[in-house]
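Below is one structure; the comments refer to it alone.
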Amino acid sequence: MSRARFTLSAAPIQAIAEAWGIGLLMLLALARLGGEPAANTLNNGILVLCSLSGLWAVARTRLPRGSLPRQAASETAVGVTLSGAMLGLLLPLQTLGLGTAWSASHWPAYIPSLLLAATGAGYLGARAMLRIWLAWDILRRQRLLWSLTHAHLVVVVSVVLLGVLFLFIIYPNTYRGMFLGANGSTDPVAIAIEALVGILPAAGVAVILLAMVLAVLLPPSALFSYFFARRTTQRLDALAATAKAVRRGDYGARVAVTGEDEVAHLQADFNAMADELAGTLADLQVQRDTVTQLLQARREMIASVSHELRTPVATVRALLESNLARRRDELAPALAHDLRVIDGEMARLEGLIDDLFLLARAEAGRLELACGPTDVAATAQRVIDALAPLAWQSGRVEVVADLPDGPAGGRLLAHAHAERLGQVLANLLRNAIRHTEPGGIVSVALRTEPDAVVLEVRDTGAGIPADELPHIWERFYRGRSDRSRAEDGAGLGLALVKELTEAMDGSVTVESTAFPGAEGRGSCFTVRLQPAQGPEGEPPDP
């Protein structure tokens with residue numbers, strides 16, 4: 001188990017039980033010293049026992065959560081419980097024959113009880129220091145100022161610790177009781193325990209000396225480190241504040257360059273970068289405005305040209321139809337055929353110009369539809385009645401409809417423009433019929449959802465490849481299958497569907513399957529319109 005998961009991860013009861021077990025093992029080791037240990041030896045052993053058990057509980061017990069008073073109460077309860085558990089070691093202490101060591105000495109008999117009971121107090125003090133360290137660790141990781149101060153203090157503490165360790169090593173009583181045969185025992189465990197309790201006095205002196213030296217040196221060192229590091233961190237804070245200002249959009253913000261070191265070079269480089277960024281953004285703004293003006297001019301031009309083309313095309317087509325109707329018997333068969341072909345192409349050109357004009361108006365923001373309550377079923381039925389015979393005659397494609405009435409025989413009303421809704425459905429139906437092989441089916445279904453009236457156009461064609469789906473709404477886009485058919489449209493139908501549907505505050509989506517073995521699954525276009533309440537109306541075309 002890793003240290004990160006081992007420390008501060010145990011429940012309080014578990015940590016206390018582990019600490020008590022460590023104390024019991026220590027007592028069993030003390031019992032192997034051989035003979036009756038001296039009172040001071042047993043006293044030092046009990047002190048080591050309490051220290052090891054308390055530190056184990058400190059390292060293992062997880063931190064409580066909640067408010068500060070609740071955490072303090074939880075820690076206090078753990079400390080009191082730990083003291084009680086350690087007092088429970090008095091029974092095995094007496095059982096092992098260690099309790100009579102004070103009888104022949106000047107040590108009071110209550111010393112073991114006092115030391116064991118003090119384990120809880122030591123736990124609370126160590127936990128308080130642990131919390132201070134954790135708070136400091138978070139602070140130094142979040143602020144560079146405190147990180148630099150921490151690094152300097154680590155150097156000071158390391159130097160003092162090495163000095164105290166040197167004094168500890170040369171202290172004459174350090175190794176007392178650490179040699180073979182001490183206390184007349186040859187047991188390795190007994191020798192180790194004797195050594196441990198033998199160096200305790202010297203270790204205690206070393207700890208006290210270390211605390212005294214650190215108490216004298218740390219405050220001025222910390223103060224010096226703080227003020228020394230603050231000069232650097234203040235400059236970095238100013239740089240960070242300026243960077244935030246630039247990020248918020250204040251591209252004129254600059255940081256004052258102070259000093260000649262690496263931080264000063266960083267400040268100067270940041271200002272230069274900010275100048276270049278401001279210049280680049282200014283150039284991009286000018287180019288964006290230019291492109292916007294060009295796009296707007298193009299939209300206006302397309303709208304104007306398509307509008308101007310409608311009149312001569314309509315005039316030419318009217319003259320063709322008039323001549324074909326009045327002089328059918330006078331025209332030569334070849335000329336009559338050519339005129340009929342010209343009339344068909346003019347009709348196609350007229351439809352293309354109308355679609356282009358409508359899209360140009362939508363792109364220029366001048367397409368305004370006076371929407372109102374519209375009977376979707378009636379509109380759909382009119383379009384189906386017009387296109388179904390043509391679909392069967394030209395491609396042997398059957399068009400079926402599932403158009404239920406509204407609740408209680410009423411009408412399904414949607415917030416839409418009746419003529420434009422019919423245009424949307426007609427484009428979807430023509431697209432489905434064009435991509436469905438002879439013998440296929442195109443279905444139109446109408447249903448309601450809690451917040452929408454849904455119109456679906458589904459076909460059994462070859463489907464749309466996944467890589468083409470994101471592009472089918474683009475103007476003049478034609479898929480691979482469309483480009484292989486010379487008679488297909490110019491790629492404006494679906495773009496017009498999307499523009500008109502969104503102009504009526506609706507949405508249109510598509511689901512399609514196109515892969516080997518998926519023949520007959522085809523595509524499904526779904527138009528969602530907002531439901532409407534009130535009398536049906538068909539607003540005039542604006």
Side-chain angles (χ1 to χ4, degrees), residues 1-31 42-96 98-99 108-142 150 157 161 193 196-197 200 203-204 206-208 210-211 214-215 218:
M1 184 178 295
S2 64
R3 179 179 300 178
R5 295 185 58 186
F6 181 77
T7 58
L8 302 178
S9 61
I13 297 300
Q14 179 184 349
I16 293 173
E18 293 173 355
W20 189 88
I22 291 175
L24 181 60
L25 293 176
M26 187 68 184
L27 284 180
L28 294 174
L30 286 173
L42 185 58
N43 185 28
N44 290 340
I46 296 297
L47 185 58
V48 171
L49 180 154
C50 296
S51 300
L52 292 178
S53 299
L55 290 176
W56 184 270
V58 169
R60 285 285 287 149
T61 307
R62 61 170 174 248
L63 296 174
R65 298 181 179 180
S67 61
L68 289 179
R70 183 175 180 180
Q71 294 184 32
S74 177
E75 295 282 27
T76 302
V78 174
V80 172
T81 306
L82 179 62
S83 294
M86 297 304 292
L87 285 173
L89 291 173
L90 290 174
L91 180 59
L93 186 145
Q94 297 293 338
T95 304
L96 294 171
L98 301 175
Y110 59 82
I111 288 296
S113 301
L114 183 62
L115 291 177
L116 292 171
T119 306
Y123 168 86
L124 293 177
R127 292 285 282 192
M129 296 178 62
L130 175 64
R131 286 178 173 272
I132 293 174
W133 166 254
L134 292 177
W136 171 259
D137 186 61
I138 294 175
L139 187 63
R140 75 178 180 86
R141 285 189 283 108
Q142 293 179 344
H150 173 82
V157 172
L161 184 60
I193 295 299
L196 181 63
V197 301
L200 184 63
V207 171
I208 294 174
L210 177 63
L214 291 180
L218 280 185

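Starting from 1, each residue takes its place in the sequence as its number.
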Quiz item: In terms of heavy-atom contacts, does CZ of Arg70 have more than 12 from other residues, nucleotides or ligands at under 6.0 Å?
Solution: no
Quiz item: Do Pro92 and Leu24 have side-chain heavy atoms sitting under 4.5 Å apart?
Solution: yes
Practice problem: Please answer whether the main-chain N or O of Gly79 pairs with a side-chain N or O of Arg127 as donor and acceptor at a distance below 3.5 Å. | Solution: no
Practice problem: Taking Gln71 for its side chain and Gly66 for its backbone only, find out whether a donor-acceptor pair lies under 3.5 Å. | Solution: yes
Find the distance between [atom1] ([X]) and [atom2] ([Y]) and round it off to the nearest 0.5 Å.
{"X": "Leu87", "Y": "Leu82", "atom1": "CG", "atom2": "CG", "value": "9.5 Å"}
{"X": "Leu49", "Y": "Leu115", "atom1": "CG", "atom2": "CG", "value": "9.5 Å"}
{"X": "Ile16", "Y": "Ser83", "atom1": "CD1", "atom2": "OG", "value": "9.0 Å"}
{"X": "Arg62", "Y": "Thr7", "atom1": "CZ", "atom2": "OG1", "value": "13.5 Å"}
{"X": "Leu55", "Y": "Ile22", "atom1": "CG", "atom2": "CD1", "value": "9.5 Å"}

Please find the pair of heavy atoms, one from [X] and one from [Y], that lie closest to each other, and give the distance.
{"X": "Leu90", "Y": "Ser113", "answer": "CD1-OG, 3.3 Å"}
{"X": "Ala19", "Y": "Ser53", "answer": "O-OG, 3.1 Å"}
{"X": "Leu116", "Y": "Thr119", "answer": "O-OG1, 2.9 Å"}
{"X": "Leu8", "Y": "Val58", "answer": "CD2-O, 3.7 Å"}
{"X": "Ala15", "Y": "Thr61", "answer": "CB-OG1, 3.2 Å"}

Practice problem: Classify the ring geometry between His150 and Trp136 as parallel (under 30°), tilted (30 to 60°) or perpendicular (over 60°). | Solution: tilted
Self-check item: Any side-chain donor near an acceptor of the partner, Arg60 and Ser9, under 3.5 Å
Solution: yes
